[in-house]
Q: 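Attaching a single structure in structure tokens format; questions to follow.
Whatever order the structure lists them in is the order used to number ligands and atoms, beginning at 1.
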Amino acid sequence: MSVLVTGSTGFIAQHVISQLLDEKFSVIATARSEAKATHLKSLFGNPSSLTMVVVPDMIKPDAFYGVFEKYGPSIKYVMHVASPFFTESDDYKRDLLTPAVEGTKNILDAVKKFGAETVEHVVVTSSVAAMFDFTRDADPSYIYNEDSWNPDEMEQALIDGGHAYNASKKFAEKLAWKFVEDNKDSVKFKLTTVNPCYVFGPQQFDENFRPVLNTSCELIHQLTHAGANATVDNEFVGNFIDVRDVAKAHVAAIQNPGLSGKRLLMISSRFNAQDIYDVMNEDFPELQGKIPKGHPGTGALHHWEGAVADNTRTKKLLGFPFNPLRKTIDDTVAQIIRCEKK
Ligand code: NDP
């Protein structure tokens with residue numbers, strides 16, 4: 001029995017695939033081109049348990065039909081990870097909203113058409129962006145949790161790239177839950193969504209290191225090159241989760257029936273640039289003189305007066321501790337330094 005994983009070439013999906021292979025699942029993974037598919041398979045060491053398939057354009061209604069026609073009966077689980085994650089675009093509908101929403105619709109339609117009786121579980125990689133009301137970030141009375149939804153509709157989605165990305169995740173996730181409700185008598189599968197905040201951590205393979213990393217890790221990458229006299233930006237405060245914990249949640253979702261029908265709010269802790277510089281300054285002597293010191297110990301990890309994330313339910317359901325900021329930043333930065341030396 002196999003797990004179909006979309007968006008296999010991405011930062012998170014590669015960790016998901018790695019953990020699935022470690023757990024002895026067979027994986028069928030989609031990539032947008034033959035070259036990307038061949039390259040990724042070779043990075044994994046060409047295992048027979050990993051089958052690559054090319055899905056060039058997931059917004060075509062029949063995009064995933066070929067995968068199910070060929071491998072359908074063996075596909076027991078589906079993990080839909082693929083979605084555009086960037087904010088620079090001159091056409092938010094074309095580049096962000098449509099692929100997120102249509103990609104989700106098309107994979108679920110394919111499951112219904114070909115795997116109504118055989119697919120047992122679908123995991124959709126959603127986001128905190130689907131849950132969070134961004135207008136209330138500074139409001140300490142705002143507590144959000146696994147039941148929360150980003151209130152934005154299409155009007156707000158088109159304000160800028162950030163709004164468009166956030167809304168793309170909300171619209172796609174809403175569609176998935178509605179699909180399950182509308183089709184509860186015709187499909188067998190249960191749905192779990194994994195909703196991470198900023199995902200940091202090392203790339204699965206050093207070979208994937210690029211001058212510009214995936215959107216979330218690029219944030220750390222840029223801090224390593226800030227310069228000793230850079231101003232520490234205390235305005236930007238976010239939440240983070242380690243990519244290995246995000247992957248673990250995907251795998252747990254198909255192993256643990258208690259996660260069916262759940263939204264998993266994946267947050268380890270708050271952070272801002274000061275917190276990240278503190279770890280870099282303490283743990284990486286080679287960065288001395290290249291990054292600012294700021295005011296150590298004063299970051300958002302130590303003090304935060306805004307919105308509160310309550311993911312008690314998620315932590316209890318998953319039952320494993322999330323990596324703390326220090327471990328995640330250590331591993332992310334160690335890889336950046338290692339790869340840039342080469
Ligand atoms: P990456 O950009 O590294 O990976 C995105 C993946 O989706 C790639 O495989 C990419 O393919 C594929 N993809 C993007 N656009 C399309 C499209 N139009 N059609 C088909 N495939 C597409 O991002 P992440 O790994 O960080 O993100 C993976 C998922 O996790 C996304 O759903 C994202 O929204 C979600 N997420 C990520 C967070 C983070 O901080 N990283 C936080 C919360 C959620 P290709 O390689 O060919 O471009």
Side-chain angles (χ1 to χ4, degrees), residues 5-18 29-40 43 52-60 63-64 67 79-89 91-107 123-132 150 161-162 164-173 175-176 193-205 208-210 212-221 238-247 249-250 263-268 271 309 328 332:
V5 180
T6 68
S8 66
T9 47
F11 169 57
I12 293 175
Q14 291 181 38
H15 284 271
V16 170
I17 292 169
S18 170
T30 73
R32 286 204 264 186
S33 73
E34 198 65 56
K36 287 182 180 182
T38 309
H39 178 63
L40 186 66
L43 288 178
M52 298 299 305
V53 288
V54 176
V55 175
D57 184 4
M58 70 176 175
I59 70 169
K60 285 176 68 182
F64 295 102
V67 184
M79 296 188 179
H80 182 51
V81 190
S83 206
F85 182 19
F86 49 82
T87 53
E88 293 295 316
S89 161
D91 188 335
Y92 303 135
K93 277 194 178 159
R94 180 196 63 206
D95 296 340
L96 288 158
L97 295 155
T98 301
V101 173
E102 295 302 311
T104 306
K105 179 177 186 300
N106 294 336
I107 188 94
V123 183
V124 170
T125 315
S126 185
S127 172
V128 162
M131 297 174 145
F132 188 62
N150 174 345
Y165 170 72
N166 295 335
S168 80
K169 299 307 290 179
K170 175 202 172 172
F171 298 160
E173 192 194 326
L175 181 144
T193 63
V194 179
N195 298 60
C197 51
Y198 277 97
V199 183
F200 299 145
Q203 307 293 314
Q204 175 64 29
F205 300 105
N208 280 345
F209 191 82
R210 298 279 177 275
V212 178
L213 296 176
N214 62 288
T215 300
S216 52
C217 293
E218 182 56 17
L219 208 143
I220 310 293
H221 185 209
N239 287 302
F240 98 97
I241 183 81
D242 191 297
V243 66
R244 294 157 292 194
D245 292 331
V246 174
H250 282 76
R263 305 170 81 204
L264 302 176
L265 175 49
M266 301 297 294
I267 292 179
S268 176
F271 74 94
T328 306
T332 311

Q: Are K36 and S8 close enough that some pair of their side-chain heavy atoms sits under 4.5 Å apart?
A: no
Q: So, does C197 sit close enough to ligand 1 that a heavy atom of it is under 4.0 Å from the ligand?
A: yes
Q: Does only the side chain of S126 get under 4.0 Å from ligand 1, or the backbone, or both, or neither? Count heavy atoms.
A: backbone
Q: Quick one: are S127 and N195 in side-chain contact, heavy atoms under 4.5 Å?
A: no
Q: Starting from atom 21 (N) of ligand 1, locate the nearest protein heavy atom and write down its residue, its atom name and how far away it is, to 0.1 Å.
A: R32 NE, 3.6 Å
Q: With side chains defined as the heavy atoms from C-beta onward, is the minimum distance between L40 and Q14 less than 4.5 Å?
A: yes
Q: Looking at side-chain heavy atoms only, is the closest gap between V194 and M266 below 4.5 Å?
A: yes
Q: Taking atom CD of E218 as the centre, report whether more than 12 heavy atoms of other residues, nucleotides or ligands fall under 6.0 Å from it.
A: yes
Q: Which residue and non-hydrogen atom of the protein lie closest to atom 33 (C) of ligand 1, and at what distance in Å?
A: Y165 OH, 3.5 Å
Q: Does any N or O of ligand 1 fall below 3.5 Å from an N or O anywhere on V199, backbone included?
A: yes
Q: Can you find a heavy atom in the side chain of T9 that is under 4.5 Å from one in the side chain of R32?
A: no
Q: Check for a donor-acceptor pair, side chain of S216 on one end and backbone N or O of V199 on the other, with a separation under 3.5 Å.
A: yes
Q: Report yes if some N/O of G10 lies less than 3.5 Å from some N/O of ligand 1; otherwise report no.
A: yes
Q: For the residue pair M58 and T30, establish whether any side-chain heavy-atom pair is separated by less than 4.5 Å.
A: no
Q: Classify the contact between N214 and ligand 1 as side chain, backbone, both or neither, using a heavy-atom distance cut-off of under 4.0 Å.
A: side chain
Q: Do the non-hydrogen side-chain atoms of K170 and N166 ever get within less than 4.5 Å of each other?
A: no
Q: I need the nearest protein heavy-atom contact for atom 41 (N) of ligand 1: residue, atom name and distance, please.
A: S216 OG, 3.0 Å
Q: Is the shortest N/O to N/O distance between F11 and ligand 1 below 3.5 Å?
A: yes
Q: Quick one: does ligand 1 sit under 4.0 Å from the side chain of P99, the backbone, both or neither, non-hydrogen atoms only?
A: side chain
Q: With nothing but distance in play, are any N or O atoms of S127 less than 3.5 Å from an N or O of ligand 1?
A: no
Q: Identify, for atom 11 (O) of ligand 1, the protein heavy atom at the shortest distance, and state residue, atom and that distance.
A: T9 OG1, 3.4 Å
Q: Go through ligand 1 atom by atom and flag the ones less than 4.0 Å from a non-hydrogen atom of A82.
A: 7 (O), 21 (N)
Q: Backbone or side chain, does any N or O of Y198 fall under 3.5 Å from an N or O of ligand 1?
A: no
Q: Within the side chain of H15, is there an N or O that forms a donor-acceptor pair under 3.5 Å with the backbone of P202?
A: yes
Q: N/O to N/O below 3.5 Å, does that happen between F85 and ligand 1?
A: no
Q: Once you restrict to heavy atoms under 4.0 Å, what part of C217 touches ligand 1? Side chain, backbone, both or neither.
A: neither
Q: Between T6 and V55, is any pair of side-chain heavy atoms under 4.5 Å apart?
A: no
Q: Do the two ring centres, one from F85 and one from F11, sit under 6.0 Å apart?
A: no
Q: Nearest to atom 27 (O) of ligand 1, what protein heavy atom do you find, and at what distance?
A: I12 CD1, 4.0 Å
Q: Classify the ring geometry of H221 against F209: parallel below 30°, tilted from 30° to 60°, perpendicular beyond 60°.
A: perpendicular
Q: Tell me, which protein residue and heavy-atom name are nearest atom 5 (C) of ligand 1, and how many Å apart are they?
A: S83 O, 3.6 Å
Q: Could you identify the single nearest non-hydrogen protein atom to atom 31 (C) of ligand 1 and state the distance to 0.1 Å?
A: V81 O, 3.3 Å
Q: Should the proximity of F86 to ligand 1, defined as any heavy atom under 4.0 Å, be assigned to the side chain, the backbone, both, or neither?
A: neither
Q: Looking only at distances, please establish whether an N/O atom of ligand 1 is found under 3.5 Å from an N/O atom of A13.
A: no
Q: When you measure from atom 30 (O) of ligand 1 to each heavy atom in D95, T125, V124, which option holds the nearest one?
A: T125
Q: In ligand 1, which numbered atoms sit nearer than 4.0 Å to a non-hydrogen atom of P84?
A: 14 (C), 15 (N)
Q: Do any heavy atoms of P196 fall under 4.0 Å from ligand 1?
A: yes
Q: Looking only at protein heavy atoms, which one is nearest to atom 47 (O) of ligand 1, and how far off is it?
A: K36 NZ, 2.5 Å
Q: Does T328 reach the main-chain N or O of G201 with its side chain, forming a donor-acceptor pair under 3.5 Å?
A: no
Q: Should H250 and T125 be marked as a side chain to side chain contact (heavy atoms under 4.5 Å, CB included) after you check the CA-CA gap, both sets of side-chain angles, and the distance that decides it?
A: CA-CA 8 Å; H250 282 76; T125 315; 2.8 Å; yes
